[in-house]
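I am attaching a structure below and will ask some questions about it afterwards.
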2 protein chains.
Amino acid sequence: MGTEHSTENMTPEIKAMYEVIYGIDGKRNEAREIQALQDTIYVIGGKWKLPIINSICNGNKRFREIERSIPGITTRMLSRELREMELNKLITRTVSPGPPVLVEYASTEYCWSFGRIIFEMIKWGIDHREKLKKEQIV
Amino acid sequence: MGTEHSTENMTPEIKAMYEVIYGIDGKRNEAREIQALQDTIYVIGGKWKLPIINSICNGNKRFREIERSIPGITTRMLSRELREMELNKLITRTVSPGPPVLVEYASTEYCWSFGRIIFEMIKWGIDHREKLKKEQIV
DNA sequence: TTTACTGGTATACTCTGTGATACTGGTTAC
DNA sequence: GTAACCAGTATCACAGAGTATACCAGTAAA
């Protein structure tokens, strides 16, 4: 094993994707890829960050609104994650002094950089369910 | 909030992506999207599954080979995850009776279905590092 | 003979992400 | 007046993800 990938077992589709990163003749670097992957997992790891990002990017602004849009999340987890994501500049939190006091969350540009990852994961999830459904019929 | 998304704050690029799922005039369904996202997170959640999939899909076959390719993983975690992934048909495990006994892991077709997700995450990680580097210079 | 490789297992431990439940202070609707 | 909404906080508790370290049987090279 070296640091270069074999491309023999890659589908043409996947092969074409990696040319985006490396160029057509660019050699892939396994160590760098694994590190990038681990970086990303570190940032968006856990059960809730991506669902929350998706919810806010889709226009949900209010705490309870976001909470209701994500099945299974508790107020505690949502509160914690929102605070952390605000620190990391993923979202903004705006309080308009009432009464009644209103809090609004909004996505930053940085937050949108996860759009493609989220999209691919949604797509995988939908395909996965359809696959299971078909297998049950057969 | 309804079940339909506002598309006003989507970039044209992201908008175009979702047409892949819904068709040009198809209405998006937030609940379904969140569920799909949570399904996917459930399957590939944790620190190690995606790095392992990536390693095997890149042609690493031997236990120690995979282990060395993933910084920070322990034999115990790798062993556990490999067993689970074999049960879930993500990989195959072939023992060729020696001596010496050789074990080879290989990716299944199902395993490759995560290719796009992994690619987008690698891309995000690389972009992220470059962004940090630039900010340090400035 | 010693070292180092292979493919793991065993044991013990930490730790934190996550869950369950309750509660607060204020506002608004019935 | 009481019920329900808002935006959370406080406490307690736990499973299980993940870590650390040692160890095993077998093979092979120096």
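To find a chain, count down the sequence lines: A is the first, B the second, and so on, and within it residues start at 1.
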Side-chain donor-acceptor pairs under 3.5 Å in residues 128-138 of chain A, sequence neighbours left out?
unit_1	atom_1	unit_2	atom_2	d
A:R129	NE	B:D39	OD2	2.6
A:R129	NH2	B:D39	OD1	3.4
A:R129	NH2	B:D39	OD2	3.2

- Query: Starting at CD of B:E67 and ending at P of D:dA20, how long is that distance when rounded to a whole Å?
  - Reply: 13 Å

- Query: What is the distance, rounded to the nearest whole Å, between atom CZ of A:R93 and atom C1' of D:dC6?
  - Reply: 12 Å

- Message: Between P on D:dG8 and CD on A:E84, what's the gap in Å once rounded to a whole number?
- Response: 16 Å

- Quick one: side chain to side chain donor-acceptor pair (under 3.5 Å) partners of B:E67, sequence neighbours excluded? B:R64

- Message: Between C1' on C:dT9 and CG on B:L82, what's the gap in Å once rounded to a whole number?
- Response: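 Roughly 14 Å, once rounded to whole Å.
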
Distances under 3.5 Å between protein N/O atoms and the N/O atoms of nucleotides 2-4 of chain C, please, pair by pair.
none

- Query: What pairs with B:T40 under side chain to side chain donor-acceptor pair (under 3.5 Å), at least two apart in sequence or on another chain?
  - Reply: none

- Item | Nucleotide D:dA17, atom P - distance to CD1 of B:I44 in whole Å |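 That distance rounds to 16 Å.
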
- Task: Not counting sequence neighbours, which residues clear side chain to side chain donor-acceptor pair (under 3.5 Å) with A:E81? List them please.
- Result: A:K49

- Message: Restricting to side-chain contact (heavy atoms from CB on, under 4.5 Å), what partner residues turn up for B:R76, sequence neighbours left out?
- Response: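 Applying side-chain contact (heavy atoms from CB on, under 4.5 Å) to B:R76 gives B:T74, B:R80.
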
- Qualifying residues under side chain to side chain donor-acceptor pair (under 3.5 Å), relative to A:S79, sequence neighbours excluded: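 Only A:R83 meet the side chain to side chain donor-acceptor pair (under 3.5 Å) criterion with A:S79.
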
- Message: Rounded to whole Å, please give me the gap between CD in A:E65 and P in D:dC5.
- Response: 15 Å

- Is there a side-chain polar atom (N or O) of B:S79 under 4.0 Å from OP1 or OP2 of C:dT9? yes

- Task: Check every atom of C:dG8, D:dC6, D:dG8 against the side chain of A:R62 and return the nucleotide holding the closest atom.
- Result: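 Nearest to the side chain of A:R62 among the choices is D:dC6.
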
- Message: Check B:E120 with A:R116, please: is the shortest side-chain N to carboxylate O separation under 4.0 Å?
- Response: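 Yes, charged N to carboxylate O under 4.0 Å.
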
- Pairing residues for B:E109 by the side-chain contact (heavy atoms from CB on, under 4.5 Å) criterion, not counting sequence neighbours: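 Listed in chain order: nothing, the list is empty.
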
- Task: Take the protein atom OH of A:Y42 and the nucleotide atom C1' of D:dA17, then report the distance between them rounded to whole Å.
- Result: 16 Å

- Item | Length of the line joining B:L78:CG and D:dA17:C1', which is rounded to integer Å | 15 Å

- Task: Taking the side chain as every heavy atom from C-beta outward, state whether A:Y105 and A:N60 have any atom pair closer than 4.5 Å.
- Result: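 No, too far: nothing below the 4.5 Å cut-off.
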
- What string of B, S and - do you get for nucleotides 18-30 of chain C, 5' to 3', when a contact is any protein heavy atom under 4.0 Å? BBB------SS--

